Amino acid sequence: MTTNPTLTDLAHKATQARNRPAYGHDALITCDRLVRIFTTDGVEVQALQGLDLLVREGELLALVGASGSGKSTLMNILAGLDTPTAGAARVAGHDLLTMTAKDRLAYRRATVGFVWQQTSRNLLPYLTAAQNITLPIQLSGARTPRRAQTERALELLELLEVADCRDRRPHQMSGGQQQRVAIAVALANSPAVLLADEPTGELDSHTAEQIFAAFRTANEQLGTTIVIVTHDQAVAGEVRRTVAIRDGRTSTEVLRRSEVDATTGHETLVAREYAMLDRAGRLQLPKEYTEALGMRDRVALELEPDHIGVWPDDSDRD
Ligand SMILES: Nc1ncnc2c1ncn2[C@@H]1O[C@H](COP(=O)(O)OP(=O)(O)OP(=O)(O)O)[C@@H](O)[C@H]1O
Ligand SMILES: [Mg+2]
């Protein structure tokens, strides 16, 4: 039998919660009730509807969601290419709503790197792989000596296993090689965050795996925080954290951790699904769960000492 928590227990818990540090204080990326409204021909589209997201330094995170759910809108905001209508967004100490045009340019050159789906959008066609990487270093204004620029380019090409492409132009490389060089270009100025919007969308599944391995290498060897938008379930299944966006809001998260079987010694990834709880206490239950139990409009709740029970509405049953 479970005992119901006493009022003193609840009051104690509430005080503990209030004393916790402010939302996102230790995160590298903080999105707080982010809103982006597009208006075309007088028609409003709410692409982001109060999205909350925290990403800590060193994370490799996959972002998934149906077409039109707001993934690219979020990535463009984080990349500094678009500005939110309301809410707050901070990346590595930069406030994305109040940044001046000059700060924004510096932010795009030094703080974030991005890789797009279209291989042709990532590289300049008339430059070699090595030149594509040294260009952002020259544009950063850091006055890096030419030799150090070339060394950096070769180091990155080697890390991502495309050193043989150093003197080739994009049309002399495969799509997979181009995307790996694109990752090297994005990493040229050692950004705090690497953003990728469907980077494997134009590639077959084997090549997509290689590209994903390149992102993992960057995350593990360089410690770069990475956010990847993907439709690829295989990719989403391999990262420790997958965040799902639904209707312009983060809805559920899957966290995976490795567990070693005590008897066999085998390591497996154990996944657990979480729902986002916003500060108003709103919770979005996964559709598969609510449909399975026929829940709609209203549900019955019960507070237990260590969990909250949610049942289908039984108020009309006697
Ligand atoms: N520049 C824009 N002007 C008007 N509406 C836009 C603009 N960009 C996006 N939208 C709208 O905002 C919503 C979210 O679009 P977004 O591109 O972020 O979705 P997505 O999740 O990236 O989809 P996909 O998986 O198809 O790439 C859509 O309804 C889209 O039509
Ligand atoms: Mg998109």
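Counting begins at 1 with the first residue of the sequence. Everything numeric here is computed off the predicted structure, so don't read it as measured data. Ligands are counted one by one from 1 in listed order, and the atoms in each one are counted from 1 as well.
- Protein heavy atoms all stay at least 4.0 Å away from atom 30 (C) of ligand 1.
- Interface atoms of ligand 1 facing His231, defined by a heavy-atom separation under 4.0 Å, are 25 (O).
- With a heavy-atom cut-off of 4.0 Å, Thr73 touches ligand 1 through backbone and side chain alike.
- When distances from atom 10 (N) of ligand 1 to the protein are checked, a heavy atom turns up under 4.0 Å.
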Should Leu74 and Leu53 be marked as a side chain to side chain contact (heavy atoms under 4.5 Å, CB included) after you check the CA-CA gap, both sets of side-chain angles, and the distance that decides it?
CA-CA 10 Å; Leu74 173 64; Leu53 177 69; 4.2 Å; yes

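- Counted by atom type alone, Arg146 and Thr134 present zero donor-acceptor pairs between their side chains at under 3.5 Å.
- Side chain to side chain, Arg256 and Thr242 meet the donor-acceptor criterion of an N or O pair below 3.5 Å.
- Between the side chains of Thr250 and Asp52, no donor-acceptor pair is found at a separation under 3.5 Å.
- Using a non-hydrogen distance threshold of 4.0 Å, Ala66 registers as a contact of ligand 1.
- With ligand atoms numbered from 1 in the order given, ligand 1 contributes 11 (C), 12 (O), 29 (O) to contacts under 4.0 Å with heavy atoms of Val45.
- Side-chain contact annotation: Gln179 with Asn122, donor-acceptor N/O pair under 3.5 Å present.
- Checked against a 3.5 angstrom limit, the closest N/O atoms of Ser72 and ligand 1 fall inside it.
- Heavy-atom distances between Gly65 and ligand 1 stay at or above 4.0 Å for every pair.
- When Leu60, Val115, Val55, Val239 are each tested for a side-chain contact (heavy atoms from CB on, under 4.5 Å) with Ile226, only one passes: Leu60.
- Heavy-atom separations between Gln46 and ligand 1 are all 4.0 Å or longer.
- A donor atom on one side chain and an acceptor atom on the other are found under 3.5 Å apart for Asp313 and Ser315.
- Within the coordination shell of the Mg ion (ligand 2), defined by N, O or S atoms under 2.8 Å, Thr73 is absent.
- When the options Lys71, His231, Gln117 are evaluated for a side chain to side chain donor-acceptor pair (under 3.5 Å) with Glu198, the one that passes is His231.
- Within ligand 1, the atoms closer than 4.0 Å to a non-hydrogen atom of Ala47 are 12 (O), 13 (C), 14 (C), numbered from 1 in the order shown.
- When only interatomic distances are considered, the shortest N/O to N/O separation between Gly70 and ligand 1 falls below 3.5 Å.
- Here is the list of ligand 1 atoms found below 4.0 Å of a heavy atom in Ser69: 19 (O), 21 (O).
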